[in-house]
Amino acid sequence: MRLMFYRPSSTHFLPEAAIPFQTGVPVPSASSLKTLNAAHWLVGNPGNMIHRMAMVQTLEFDRHHSASLNLLKLARSLGVQEAARHVNDNFDAAMLTFSNIVNPTADEGELADVLEHVTIPIYAAGVGIQNAFEPDLKNLQPTVAKLFSVLNEKAKVFGVRGPKTKRWLNDAGIDAPTAIGCPSMFVYPRNIFALRPPQRMDRIMSAGHMGAVNLRPGGNGRGRKLIQGFQTGMTGQPELAYVFQGEARNYAAVEANRFAYNEATSKLDTPTIQTEIEKISGGLISPFSTFYSFNDVGSWRQACAGYDVFVGDRIHGAVAAMQAGIPALVIYHDDRVQELTSYHGIPRCSLDEFAQIGVQAAIKKYLTQEVFSEFRKRYVAVLRKFSATWVKNGLNLAISTEINDVLSRVEA
């Protein structure tokens with residue numbers, strides 16, 4: 001089966017010309033924040049790489065004749081009907097992955113217009129709500145309202161992240177969605193099923209919101225609360241690392257610094273970033289000694305594997321760690337993260353409580369044997385549903401062997 005995947009899932013620069021057999025090119029080795037930010041323009045928040053790549057990795061299909069396609073650019077270049085013709089002529093099915101597009105500001109451009117003319121099977125996954133608001137399609141951008149109506153009519157699978165999203169869409173008159181979670185939680189089922197409480201807290205990785213808005217002096221933003229949690233009640237001197245997921249674009253003052261970023265190691269220069277954090281926060285001293293920013297999911301997971309535990313305010317930063325077999329505690333602040341963590345049974349702690357009790361106390365409280373025992377039970381249930389949903393609707397899974405291995409351990 002030849003699959004078309006919607007939107008870039010990596011930071012390979014995609015060529016504009018429609019030449020057969022072309023591929024994108026990777027980021028340059030130049031070490032500046034400007035180069036890093038240009039690469040992230042392709043995927044937006046780098047966390048998008050984790051969930052967009054998930055279905056690409058999970059499904060079994062003809063990889064030599066499949067492609068990740070920037071469908072909106074194609075439609076704007078060739079026109080809606082001609083773009084749809086290219087999709088119909090060159091692929092057997094279309095896989096669309098989304099994130100938190102159930103929110104009043106999301107915009108999906110001409111996507112729904114193209115899908116109206118697509119005749120091959122359409123599948124969708126990952127649709128999620130950002131925060132609660134009145135369930136009415138009129139409260140969405142017209143492009144998203146139309147997209148949901150088209151998917152409701154045409155999609156063989158209309159996968160959403162959890163029951164809150166499903167309920168909102170149902171109340172708005174969209175009855176096709178099924179809650180199957182985030183695909184990123186199923187890419188490496190053996191690693192995730194094997195998660196246990198951390199044996200040490202010597203090396204802790206985190207991620208959050210360290211942009212100017214969330215660090216501003218006198219404020220109570222998410223970045224300031226995260227830093228507070230890594231300072232409150234801290235004993236010993238654990239190595240603390242922080243992963244930027246797009247906030248680096250806020251650091252315009254050092255964007256031209258030729259040595260602010262090391263592309264080979266995916267690390268930002270610590271003194272440069274520490275100074276900038278102190279400047280934009282009005283004197284706040286960051287507790288982190290290492291700063292990462294990733295251009296691909298492989299290096300991200302490999303870096304995670306070198307740490308004992310992840311604790312942070314970024315759901316897909318936590319998922320990257322779990323994919324690598326590293327236990328994670330998700331710090332939540334909005335409905336989007338609460339829905340995802342609740343559906344999958346991922347250990348979680350509110351941002352306010354985290355800031356109050358501190359990271360070490362939070363790990364001891366929430367990453368226990370009992371919590372992980374319940375997590376594994378929940379994981380098996382959602383894994384079964386995720387697998388069955390795709391298989392019964394005509395798609396095979398490349399990870400079926402791994403899934404069967406997990407299920408055999410449960411049955412044994």
Side-chain angles (χ1 to χ4, degrees), residues 9-11 36 40 43-54 99-100 126 128 130 161 181-188 191-192 195 198 201 203-211 214-215 221-223 225-227 229-230 238-250 266-268 273 286-334 336-341 344 346-351 354 359 362-363 366-367:
S9 57
S10 69
T11 54
L36 173 67
H40 286 168
V43 294
N45 171 3
N48 290 335
M49 294 189 294
I50 300 294
H51 67 77
R52 289 183 192 172
M53 189 68 76
S99 55
N100 51 317
Q130 177 69 36
R161 288 180 168 182
C182 181
S184 62
M185 283 294 292
F186 306 106
V187 181
Y188 299 98
N191 291 353
I192 292 180
L195 290 171
M201 291 188 284
R203 306 189 77 212
I204 305 174
M205 177 178 275
S206 186
H209 298 264
M210 298 272 273
N214 286 289
L215 288 176
R222 294 165 73 171
K225 287 184 178 180
L226 185 73
I227 287 177
F230 276 93
E239 179 183 336
L240 305 179
Y242 181 87
V243 179
F244 277 96
Q245 286 190 206
E247 315 100 291
R249 67 172 62 94
N250 289 269
S266 299
K267 291 182 180 180
L268 296 157
I273 299 303
S286 162
F288 303 105
S289 59
T290 303
F291 295 91
Y292 290 100
S293 187
F294 300 105
N295 282 321
D296 68 273
V297 294
S299 61
W300 194 339
R301 286 189 285 259
Q302 288 167 16
C304 290
Y307 289 83
D308 301 318
V309 60
F310 175 96
V311 182
D313 184 20
R314 291 279 194 173
I315 180 66
H316 287 104
V319 172
M322 289 188 285
Q323 289 178 345
I326 303 305
L329 174 61
V330 176
I331 310 303
Y332 66 85
H333 184 70
D334 56 30
R336 174 183 64 94
V337 174
Q338 285 195 62
E339 178 179 46
L340 273 173
T341 54
H344 290 286
I346 301 170
R348 58 198 179 275
C349 172
S350 75
L351 181 58
F354 176 75
V359 61
I363 291 172
Y366 289 105
L367 297 185

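The model shown is predicted, which means the values in this text are computed figures rather than measured ones. Side chains are part of it too, since the values below use all heavy atoms of this structure and drop only hydrogens, waters and symmetry mates.
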Undergrad: Under the ring-ring contact (aromatic ring centres under 6.0 Å, His included) rule, collect the residues that match up with F294, sequence neighbours excluded.
TA: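 Scan of F294 (ring-ring contact (aromatic ring centres under 6.0 Å, His included), adjacent residues dropped) gives Y292, W300.
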Undergrad: Who passes ring-ring contact (aromatic ring centres under 6.0 Å, His included) against H316, sequence neighbours left out?
TA: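 So H316 forms a ring-ring contact (aromatic ring centres under 6.0 Å, His included) with H51.
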Undergrad: For the backbone of V311 and the side chain of S206, can you confirm whether one donor and one acceptor N or O come within less than 3.5 Å of each other?
TA: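 Answer holds: yes.
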Undergrad: Atom CD1 in I346, atom CD1 in I192: separation rounded to 0.5 Å?
TA: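 So the CD1 of I346 and the CD1 of I192 are separated by 8.0 Å.
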Undergrad: Tell me every residue that passes ring-ring contact (aromatic ring centres under 6.0 Å, His included) with F354, counting only those two or more places apart in sequence or in another chain.
TA: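 F230.
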Undergrad: Is a donor on one side and an acceptor on the other found under 3.5 Å between the side chain of H344 and the backbone of C182?
TA: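 At least one qualifying donor-acceptor pair exists.
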Undergrad: Can you tell me if R161 uses its side chain to pair, donor with acceptor, with the backbone of G181 under 3.5 Å?
TA: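 The answer is no, because no donor-acceptor pair under 3.5 Å joins these two groups.
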Undergrad: How close do N191 and Q323 get, heavy atom to heavy atom, and via which atoms?
TA: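 Nearest pair, atom of N191 first, then Q323: ND2-O, 2.8 Å.
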Undergrad: How long is the gap from CD1 on I204 to CD1 on I326, to the nearest 0.5 Å?
TA: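 So the gap between those two atoms works out to 12.5 Å.
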Undergrad: Under a 4.5 Å cut-off applied to non-hydrogen side-chain atoms, are Y307 and E239 in contact?
TA: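 Contact flag for Y307/E239 side chains = yes.
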Undergrad: Hey, what do you get for CE (M210) to CZ (F291), rounding to the nearest 0.5 Å?
TA: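 Here the rounded value is 5.5 Å.
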Undergrad: Could I get the full list of salt bridge (charged side-chain N to carboxylate O under 4.0 Å, His left out) partners for K225, not counting sequence neighbours?
TA: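 Per chain and number, K225 pairs via salt bridge (charged side-chain N to carboxylate O under 4.0 Å, His left out) with D352.
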Undergrad: Is the closest side-chain heavy-atom distance between Q245 and N45 below 4.5 Å?
TA: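 Yes, side chains in contact.
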Undergrad: Can you pull out every salt bridge (Lys or Arg N to Asp or Glu O under 4.0 Å) where at least one residue sits in residues 311-333? Sequence neighbours excluded, please.
TA: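 Residue pairs with at least one partner in residues 311-333: R222-D313, E247-R314.
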Undergrad: Within the side chain of Y332, is there an N or O that forms a donor-acceptor pair under 3.5 Å with the backbone of I315?
TA: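 Judged by distance alone, no pair lies under 3.5 Å.
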Undergrad: Got a second to check how far S293's OG is from Y242's OH, nearest 0.5 Å?
TA: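 Between atom OG of S293 and atom OH of Y242 there are 10.0 Å.
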Undergrad: How would you list, by chain and number, every residue that makes a salt bridge (charged side-chain N to carboxylate O under 4.0 Å, His left out) with D296, sequence neighbours excluded?
TA: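 Per chain and number, D296 pairs via salt bridge (charged side-chain N to carboxylate O under 4.0 Å, His left out) with no residue.
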